[in-house]
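FYI, side chains are in, hydrogens and waters are out, and symmetry mates aren't considered; it's all heavy atoms of this structure. These numbers were taken from a predicted model, which means no experiment stands behind them. Every chain is numbered from 1 and lettered A, B, ... according to where its sequence line falls, protein lines coming before strand lines.
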2 protein chains.
Amino acid sequence: MGRWEPDARGRLAKAALELYGERGYEQTTVAEIARRAGLTERTFFRHYADKREVLFGGPPPSLQDLFVRAIVEAPPATTPIDALALGLDAASEMFVDRRDFARKRQAVITANAELQERELIKLASMSAALADALRARGVPEPAASLTAEAGVAVFKVGFERWVAPGEQREMAPLMRESLDALKAVTAGGQAP
Amino acid sequence: MGRWEPDARGRLAKAALELYGERGYEQTTVAEIARRAGLTERTFFRHYADKREVLFGGPPPSLQDLFVRAIVEAPPATTPIDALALGLDAASEMFVDRRDFARKRQAVITANAELQERELIKLASMSAALADALRARGVPEPAASLTAEAGVAVFKVGFERWVAPGEQREMAPLMRESLDALKAVTAGGQAP
DNA sequence: AGCTTTGATGACAGCAACTGACATCAACAG
DNA sequence: CTGTTGATGTCAGTTGCTGTCATCAAAGCT
């Protein structure tokens with residue numbers, strides 16, 4: 001066997017999620033996480049850029065990758081909003097059988113403002129990537145950015161409904177419903 | 001005159017904006033800001049919760065207040081999407097004659113990730129407030145949240161266009177155009 | 001006037017997040 | 001067998017941020 005126990009990164013992530021859950025994010029120091037993982041504080045920062053990243057740096061492929069790829073690979077004739085729907089389907093796939101884990105993680109995140117910031121950054125980055133993918137399909141501005149933002153909005157709302165206590169339905173239909181609700185609402189203006 | 005120079009808070013904000021612009025956000029220490037304002041570091045943190053807040057804590061009424069108020073006060077028969085349009089108009093008013101300042105501020109913010117996080121939090125808070133206002137109008141979920149998210153998306157895109165270099169048009173028409181573009185895009189799906 | 005209270009600031013000590021520089025030593029390549 | 005590599009340890013330092021107590025002009029009270 002090696003000089004050190006294997007999977008230092010994974011041990012750090014596990015220790016962090018445990019401690020954040022047990023005592024809260026702010027009440028947990030990086031030194032404690034490292035100690036529980038049998039490592040030093042310095043090593044923590046070699047694997048994760050900061051104290052929050054340990055909750056967000058999962059193994060690839062990322063949600064963003066799946067979402068973007070589905071849009072890039074959509075048939076050329078697909079309208080932007082239908083490409084978005086395909087992306088939402090692809091995103092939903094990666095959460096199948098993960099609702100329990102997602103709920104625990106979300107509980108930690110919603111309990112702390114700093115972690116919510118990190119999540120917002122992730123979504124903003126996703127929006128930028130979606131807009132890029134749409135522009136690559138020939139969608140002009142500002143439609144590309146707006147479609148991307150709308151996609152993130154639908155994902156956010158759909159995800160919230162999916163992790164809500166008691167919710168039983170799968171993610172994909174919830175995403176579809178949310179997208180339809182957005183369509184209905186934006187069509188609701190009085191005609192000029 | 002008093003024991004101290006007046007308007008400590010304003011002097012700190014001025015010194016911070018200058019230094020962030022001159023040398024960058026991360027390269028500026030709170031001690032330097034305080035020194036330029038003729039105060040101590042400890043006093044900085046009595047006026048602003050953290051190093052970022054100095055860029056975001058303007059005097060009321062806030063953008064969010066105006067936006068929400070317009071939605072709350074819209075005639076009862078107004079559809080959600082039209083209430084949103086009224087809110088965007090109200091928000092646009094507070095930026096009249098402020099484009100130069102907004103551009104400088106935005107340059108500082110877009111140059112630094114931490115500051116962008118803070119801005120995202122502001123927008124998320126706005127989204128929550130808009131959703132509350134819409135629910136108070138009787139809009140059910142998930143339509144309320146989706147309309148609110150759409151409103152923030154339109155504001156983001158419209159604002160970006162408004163501060164873009166060379167842009168001459170006022171904010172209100174840009175917001176209207178962006179809202180119309182979102183409507184067009186969400187109406188673009190193939191009928192089932 | 002004399003006394004008390006108040007509120008903004010200073011001074012100082014301390015914690016924890018994060019960084020840079022260098023040392024260590026099993027594993028591996030040759 | 002030797003030199004290199006790469007993950008980790010060690011240590012010192014900077015900086016954002018907080019708690020605590022002292023200071024002292026201004027404003028109010030008697």
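For B:Thr40, no side-chain nitrogen or oxygen approaches OP1 or OP2 of C:dT9 to under 4.0 Å. Using a 4.0 Å cut-off, no side-chain N or O of A:Thr43 falls inside it from OP1 or OP2 of D:dT8. Distances shown here put a side-chain N or O of B:His47 below 4.0 Å from the OP1 or OP2 atom of C:dT9. Residue B:Thr29 places no side-chain N or O under 4.0 Å from the OP1 or OP2 atom of D:dT15.
Distance, B:Phe44 CZ to D:dG19 P: 17 Å, rounded to whole Å. Rounded to whole Å, the distance from CD on A:Glu41 to P on D:dG13 is 16 Å. Taking atom CH2 of residue A:Trp4 and atom P of nucleotide C:dC28, one finds them 12 Å apart after rounding to whole Å. Protein atom NZ of A:Lys51 is 16 Å distant from nucleotide atom C1' of D:dT15, rounded to whole Å. For the pair B:Asp50 CG and D:dT15 P, the computed distance is 17 Å after rounding to whole Å. Distance, A:Glu26 CD to C:dA17 P: 10 Å, rounded to whole Å. Distance OH (B:Tyr20) to C1' (D:dG16): 11 Å, rounded to an integer number of Å. The separation between B:Phe45 atom CZ and C:dC12 atom P is 18 Å, rounded to whole Å.
Between the side chains of B:Gln116 and B:Thr110, no donor-acceptor pair of N or O atoms lies under 3.5 Å. A donor and an acceptor atom, one from each side chain of A:Glu149 and A:Ser145, are nowhere located under 3.5 Å apart. Under the 3.5 Å distance criterion, with hydrogens and angles disregarded, a donor-acceptor pair is assigned to the side chains of B:Gln106 and B:Glu119.
Sequence order on DNA chain C of the closest nucleotides to A:Arg42 and A:Thr28 puts A:Thr28 first from the 5' end.
Of the charged side-chain nitrogens involved, none lies within less than 4.0 Å of a carboxylate oxygen, so that A:Arg118 and A:Asp50 do not count as a salt-bridged pair.
Distances were taken from every side-chain heavy atom of A:Arg3 (C-beta onward) to each of C:dA17, C:dT24, C:dT9; the shortest belongs to C:dT24.
Taking only distance into account, the side chain of A:Arg46 never meets the base of D:dG6 through a donor-acceptor pair shorter than 3.5 Å.
Both the sub-6.0 Å distance and the 45° axial angle are not jointly satisfied by A:Lys122 relative to the ring of A:Phe56.
Heavy atoms of A:Ala8 sit under 4.0 angstrom from primed sugar atoms or phosphate atoms, though from no base atom.
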